[in-house]
Amino acid sequence: MALDQTFVIVGASLAGAKAAEVLRTEGFDGRVVVIGEESERPYERPMLSKEYLRGEKPAAKLYVHDEGFYADNDIELLTGTTVTSLDPAAHEVTLQDGSRMPYSRLLLSTGAAPRRLALPGSDLTGVRYLRRMGDSDALRAAITAASRVVVIGAGWIGSEVAASARLLGAEVAVVAPGAVPLERVLGAEVGGVYRELHAEHGVDLHLSTHIEAVVGNGAAEGVRTTDGSVIEGDLVIVGIGVSPRDELAAGAGLTLENGIVVDEFLRTSAPDVFAAGDVAAAWNPMFNRRIRVEHWANALNQGQTAGHNMLTPEGPDRPVPPMTAYTKLPYFYSDQYDLGMEYNGYAAEWDRVVIRGDTSRRQFLAFWLKDGRVLAGMNANIWDQGDGIKALIRGGATVEAARLADPSVPLADLG
Ligand SMILES: Cc1cc2nc3c(=O)[nH]c(=O)nc-3n(C[C@H](O)[C@H](O)[C@H](O)COP(=O)(O)OP(=O)(O)OC[C@H]3O[C@@H](n4cnc5c(N)ncnc54)[C@H](O)[C@@H]3O)c2cc1C
C-alpha cells in the first residue's frame, strides 16, 4: 500500500532508530531512510558518563540494535551524512553533498548538543565536552592522564562525570553556581544529598561559585572564579546543559519554542513533519503545557509514538484511525557511586518537598508538591515504588504531607 512512499528520519539516534523499528513492525512496506551525521549506528548515551566512561562496559552494549538489524529490515542507514536543509513545501531534504532526498513523511530526531562555554580560555587544550561515544573515549584517556580534573557544572552530566572520574582514581573539583548539585531539578534538600555524597567521595566542591575564565598558556591549567581565585586542573570538563538541535527546523520556518514545537501527536507545524526526543517541545496534555525532555526514556518512547503516528494517514479522503497522543510521564534515572535513583513526573516549580525514608542512609522517596498535589517523585536506592509514585502523580489528588512522609502508609492509600 505504501510501496511508493519514502519515510525519512533525520538523526540516527535512539528516537530515530525506535521510529524506524516501529515503521517496520507496524507493516510499513515503503522506503525507510535513517540519516545520521555520526559514524556510528544509533546508540544510547547514558552509559557514556557511567560504565562506558569508566571502561566497565564495551561499545557493543550501547547500540540500539544489532548490526544486521537495519539491512535485515530493509532500513537504509546513512551514517556520516549530514542533512543541511529541509524544504517542507517541496517535501525534500538536502544532504551535505548537495543531493536531495524527497520524503512522504519526515521525522526530525536530531537531539541536542552541549552548550559551549563562552568565556576567555574556552578554546584551550584540555577543555572538553561529552555527548558522543568518541567524546567518552577521549575523556576516559584524558581523565586517566590528568593530574586534576575540574568539572564545570553540577547538573546530571557534571555530577555523573565527577563521580566516574573519582571512581577512576582522579582528583576532582566541581565548580557550579548552585548551592547544591542538581539544584534546579531537585531543590535544596535532595540536592544536599548529592552534595554530601560527592563530598564523602572526596570531590572538592566549589558551589555557589561562578567562573570567569579558563586559565592556562595553550593548555588549561584551571578555572578562575569571579572572586579571583583559581581552581587548578589540567582537564576541564564542561557540563552546562544542552541546546536542542533545531537548526534544520529553524531554516525551514517551523515553529520553535525551546526546541521544535510539536502537538501531542508529535506533529510539527509543517505538514508531514514530525519531531521526537531531545529536540521536541511536545504538548503534554497531562501537565497542560509544552515540555521538552532531555532524557533517554522520552527519546525511546516518543520515537515509537512518532513512528506509529507517521503511519497514520491524514486527509479527508482517507479513513483516519486516531493517532496516538504522547502522554507518558517524564522519567529519568541517574547512577552516582552507590546511589541509584529514578525520577518520574515534572515539577518546574513546587511549594513543598516531602521526604519518606532516610536521606542520610540514601534510601528514600522524595516528592515535589504544588498545592498539595504530587507533581514528581523520586525513588533513591528503593526499587519497588515507581508504579506507586506514577499513580500518585497521574491521580492528581491532594495528599496529606504527613501521610506521604510516613513509610507505613502504602502509596496506594494516598491517591
Ligand atoms: C553523557 C550522557 C549521559 C546521559 N545519561 C542519561 C541518564 O542517565 N538518564 C537519562 O534518562 N538520560 C541520559 N542522557 C540523555 C539521553 O541520552 C538523551 O535524552 C538521548 O540521547 C536523546 O536521544 P535523541 O534520540 O533525542 O537524540 P540524540 O541522542 O541527541 O541524537 C541525535 C542524533 O542526530 C544527529 N543529527 C543532528 N542533526 C543532524 C543533521 N542535520 N543531519 C544528520 N544527523 C544529525 C546527531 O549527530 C545525533 O547523532 C544522557 C546523555 C548524555 C550525553
Side-chain angles (χ1 to χ4, degrees), residues 8-20 33-54 62 64 77-86 93-97 101 106-115 128-137 139-140 153 155-161 163-164 182 185 237-239 241-252 259-260 266 275-282 292-304 306-307 330-336 340-344:
V8 173
I9 296 171
V10 182
S13 65
L14 176 57
K18 281 291 164 187
V33 187
V34 179
I35 309 173
E37 66 189 5
E38 292 188 64
S39 55
E40 301 289 339
R41 70 181 187 272
Y43 60 92
E44 302 186 1
R45 300 182 197 275
M47 274 196 252
L48 299 182
S49 52
K50 309 179 188 70
E51 301 92 327
Y52 184 76
L53 177 59
R54 300 195 296 269
L62 268 50
V64 182
L77 176 64
L78 308 183
T79 54
T81 306
T82 301
V83 172
T84 53
S85 68
L86 157 64
V93 292
T94 305
L95 310 189
Q96 72 210 20
D97 63 2
M101 184 174 293
L106 178 76
L107 174 64
L108 296 170
S109 48
T110 45
R115 268 190 218 123
R128 291 183 178 273
Y129 297 81
L130 174 58
R131 183 75 189 176
R132 296 181 170 189
M133 203 187 282
D135 299 333
S136 187
D137 293 331
L139 260 191
R140 188 184 318 115
W156 296 112
I157 298 290
S159 299
E160 290 192 349
V161 167
S164 286
L182 304 159
V185 186
I237 306 171
V238 183
V242 296
S243 308
R245 296 272 320 257
D246 56 11
E247 59 270 19
L248 283 178
I260 304 173
L266 307 178
D278 279 14
V279 78
R292 191 172 65 77
V293 178
E294 297 165 348
H295 294 298
W296 170 88
N298 178 71
L300 188 149
N301 293 319
Q302 280 194 346
Q304 291 176 332
Y331 162 91
F332 63 86
Y333 65 93
S334 176
D335 296 314
Q336 296 172 41
M341 64 77 89
E342 296 176 303
Y343 179 105
N344 281 286

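First listed ligand is number 1; within each ligand, the first listed atom is number 1. We count residues from 1, following the sequence as given. In this text, all values refer to a predicted model and were calculated from it rather than measured experimentally.
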Got a donor-acceptor contact below 3.5 angstrom from the S109 side chain to the G11 backbone?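 Confirmed, S109 side chain pairs with G11 backbone.
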Hey, is ligand 1 close enough to V83 that some N/O pair sits below 3.5 Å?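 There is such a contact, yes.
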With atoms numbered from 1 as shown, which atoms in ligand 1 lie under 4.0 angstrom from a non-hydrogen atom of F332?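 Counting from 1, the qualifying ligand atoms are 11 (O).
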Can a non-hydrogen atom of Q302 be found less than 4.0 Å from any atom of ligand 1?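 No, Q302 has no heavy atoms under 4.0 Å from ligand 1.
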Would V279 count as a contact of ligand 1 if the rule is a heavy atom under 4.0 Å away?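 No; V279 lies far enough from ligand 1 that no heavy-atom distance drops under 4.0 Å.
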Short question: side chain of T81, backbone of I35 - any donor-acceptor pair under 3.5 Å?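 Not confirmed, T81 side chain does not pair with I35 backbone.
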Out of curiosity, is K50 lining ligand 1, as in a heavy atom under 4.0 Å away?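 Contact present.
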Roughly how far apart are S164 OG and L139 CG, rounded to 0.5 Å?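 One gets 10.0 Å once the value is rounded to the nearest 0.5 Å.
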Would you check whether S49 has a nitrogen or oxygen atom less than 3.5 angstrom from a nitrogen or oxygen atom of ligand 1?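 No, no N or O pair falls under 3.5 Å.
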Counting both backbone and side chain atoms, is some N or O of T82 under 3.5 Å from an N or O of ligand 1?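 So ligand 1 has no N or O lying under 3.5 Å from an N or O of T82.
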With respect to R245, determine whether any N or O atom, backbone or side chain, lies less than 3.5 Å from an N or O atom of ligand 1.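 Such a contact does occur with ligand 1.
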Looking just at side-chain N and O atoms, do Y43 and R45 make a donor-acceptor pair shorter than 3.5 Å?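 Side chains of Y43 and R45: pair found under 3.5 Å.
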Consider ligand 1: state whether an atom of it lies below 4.0 angstrom from any non-hydrogen atom of T81.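 Heavy atoms of T81 do come under 4.0 Å of ligand 1.
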